Number of protein chains: 2
Amino acid sequence: MSAIETPTGDELLKILTALGNPHRMRIVAALTQGRNYVSRLAREIGMSRPLLHMHLQRLEAAGLVVGSLELSDSGKAMKFFEVAPFACALTPQAVAEAAGTLTDQDQDENQHGKARTQ
Amino acid sequence: MSAIETPTGDELLKILTALGNPHRMRIVAALTQGRNYVSRLAREIGMSRPLLHMHLQRLEAAGLVVGSLELSDSGKAMKFFEVAPFACALTPQAVAEAAGTLTDQDQDENQHGKARTQ
DNA sequence: CTTGGGTGTAAGAAGAATCTGACATGTGAC
DNA sequence: GTCACATGTCAGATTCTTCTTACACCCAAG
C-alpha cells in the first residue's frame with residue numbers, strides 16, 4: 001500500500017488540484033493525526049461546515065480521504081473521515097507519463113467505463 | 001539531485017497548483033523530451049503563445065522549469081525552457097509536514113527574507 | 001522600409017473555484 | 001414542544017484562473 005503508484009493522467013490531475021489548496025492541505029494534515037467527524041473538524045480548524053463539506057468532497061473524489069457515515073452511541077449520525085494511504089512520486093517522468101493518458105477536456109463521471117470523446 | 005525533497009508549505013502549494021492543470025502537465029511532458037523555445041513549443045502543442053508564456057511563468061515560479069534567454073546564430077533572442085530535475089513525494093505525512101509551514105494568506109514574493117504581513 | 005520571426009506584456013471577457021448564509025432533515029435530552 | 005448537535009444542500013456573491021486579442025519591441029533578410 002505504501003508503494004509508489006503511477007496514476008492515470010486524470011487521476012493525477014484530480015489529486016493535484018485537490019491538494020493544491022491551503023485549506024485542503026490543512027484538512028489532510030488534521031486528519032493525519034486521527035479520524036474525525038465533520039462538525040468537530042470544522043470547529044477545530046476554524047472553517048464553516050458547508051465549506052469543509054465541499055473540501056472533503058473534493059478530497060474524497062480524488063481518493064485522498066475516505067468517509068463513512070456512522071452512528072454514535074446516542075444514535076446521532078456522524079460522518080467520520082480519515083486519510084487514505086496515498087503515495088505518488090512527483091517527477092518530470094511521472095508527470096510526462098501521466099500527461100500521455102489525459103482525456104483533455106472531459107472530466108465527467110465515466111471512470112468506470114472508457115467512453116472516449118472520439 | 002534525484003533525492004526526495006521536502007519543500008515548505010508554500011513551495012509545495014506552488015508546485016501542486018502549477019502541476020494541477022492539464023495544459024501545464026502537457027508542457028512539462030513536452031519539455032521532458034528536450035529543451036525548446038517558446039514560439040516553437042507553442043506551435044507544437046497547439047497553444048497560443050501568450051497563453052503558453054503565462055503557463056511557463058507559472059511553472060518557472062514553482063521551480064519546475066528553468067528558462068534562459070539565448071541568442072541564436074542569427075542574433076535573434078530566443079527563450080529556451082527545460083524541465084528542472086524536481087522530485088517530491090506526495091504522502092499524507094509529507095502534506096501534513098508541509099501544511100505546518102503554510103503562511104496561510106500571503107503568497108507574496110518574499111521567499112528570500114521573512115517579511116510577514118503584520 | 002517592409003516582411004517575417006523572435007520576445008514580452010497589458011486589458012478585458014469568459015469561466016471555474018471558493019465562500020457565506022440560509023434552509024431542510026433527523027435524533028436525544030429537558 | 002424546544003433546544004442542542006449532528007447531517008446534507010442550495011443560491012448567490014465574490015474572487016481567482018484561464019484565455020484571447022491587441023499592442024509594444026528587437027533583429028535579419030529581401
Side-chain angles (χ1 to χ4, degrees), chain A residues 10 13-28 35-62 64-81 102 104-109, chain B residues 10 13-28 35-62 64-81 102 104-109:
Chain A
D10 297 344
L13 185 57
K14 228 184 284 188
I15 290 176
L16 292 173
T17 55
L19 285 177
N21 180 289
H23 284 177
R24 287 195 283 268
M25 280 182 59
R26 218 167 302 122
I27 290 171
V28 170
R35 49 188 275 132
N36 207 343
Y37 64 97
V38 183
S39 288
R40 196 153 99 92
L41 183 56
R43 258 179 262 122
E44 288 180 2
I45 64 183
M47 186 183 311
S48 81
R49 197 175 48 81
L51 186 54
L52 176 60
H53 184 269
M54 191 206 57
H55 284 315
L56 283 172
Q57 256 187 330
R58 231 170 145 65
L59 287 170
E60 190 173 30
L64 301 175
V65 303
V66 284
S68 66
L69 187 64
E70 305 178 2
L71 277 81
S72 80
D73 51 346
S74 12
K76 293 223 195 84
M78 307 166 85
K79 185 141 194 183
F80 278 87
F81 276 92
L102 271 177
D104 208 2
Q105 52 223 11
D106 51 327
Q107 234 96 291
D108 313 14
E109 55 277 11
Chain B
D10 297 344
L13 184 58
K14 230 184 283 185
I15 290 176
L16 292 173
T17 55
L19 285 176
N21 179 290
H23 284 179
R24 287 195 284 267
M25 280 182 59
R26 218 167 302 123
I27 291 172
V28 171
R35 49 190 273 130
N36 207 344
Y37 64 96
V38 183
S39 289
R40 197 154 97 91
L41 183 57
R43 257 179 263 121
E44 289 181 3
I45 64 183
M47 185 182 313
S48 81
R49 195 176 51 81
L51 186 54
L52 176 59
H53 184 269
M54 191 206 59
H55 284 315
L56 283 171
Q57 255 187 330
R58 229 169 148 67
L59 287 169
E60 191 175 28
L64 301 175
V65 303
V66 284
S68 65
L69 188 64
E70 305 178 4
L71 277 81
S72 81
D73 51 345
S74 12
K76 295 223 193 84
M78 307 167 84
K79 185 139 193 184
F80 278 86
F81 275 93
L102 271 176
D104 208 359
Q105 52 222 11
D106 50 328
Q107 236 97 288
D108 313 15
E109 57 277 8

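Predicted model, so just to flag it, every value in this text is computed and none were measured. Below, each value reflects all heavy atoms present in this structure, side chains not excepted, and no hydrogens, waters or symmetry copies.
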Just to verify, what does B/H53 make a ring pair (Phe, Tyr, Trp, His ring centres under 6.0 Å) with, not counting sequence neighbours? none
Spell out protein contact along nucleotides 18-30 of chain C as letters: B when the base is contacted, S when just the sugar-phosphate is, - when no protein heavy atom is under 4.0 Å; keep the 5' to 3' order. SBBBB----BS--
Pairing residues for B/Y37 by the ring pair (Phe, Tyr, Trp, His ring centres under 6.0 Å) criterion, not counting sequence neighbours: B/F80
Send over the distance from B/R43 CZ to C/dT7 C1', rounded to a whole Å. 13 Å
Worked verdict on A/I27 versus A/V65 for side-chain contact (heavy atoms from CB on, under 4.5 Å): CA-CA 10 Å; A/I27 290 171; A/V65 303; 5.7 Å; no
With a 4.0 angstrom cut-off to heavy atoms of chain B, pull out the first and last contacting nucleotide of DNA chain D, in 5'-to-3' order. D/dT17 to D/dA28
Could you tell me the separation between the CG atom of A/L16 and the C1' atom of C/dA17, rounded to a whole number of Å? 17 Å
Taking side-chain contact (heavy atoms from CB on, under 4.5 Å) as the definition, give me every residue that meets it alongside A/M54, ordered by chain and number, with sequence neighbours left out. A/L51
Return the set of residues passing salt bridge (charged side-chain N to carboxylate O under 4.0 Å, His left out) with B/E70 (not counting sequence neighbours), or none when no residue passes. B/R35
Using a heavy-atom cut-off of under 4.0 Å over every strand shown, decide if B/R40 touches base, sugar-phosphate, or nothing. nothing
If the condition is side chain to side chain donor-acceptor pair (under 3.5 Å), which residues does B/S39 pass it with, not counting sequence neighbours? none
In whole Å, I'd like the distance from the NZ atom of B/K79 to the C1' atom of C/dT7. 9 Å
Return the set of residues passing side-chain contact (heavy atoms from CB on, under 4.5 Å) with B/L69 (not counting sequence neighbours), or none when no residue passes. B/A77, B/K79
When the distance from CG of B/L69 to P of C/dT9 is rounded to whole Å, what number comes out? 11 Å
By the salt bridge (charged side-chain N to carboxylate O under 4.0 Å, His left out) test, which pairs, at least two apart or in different chains, include something from residues 43-56 of chain A? A/R40-A/E44
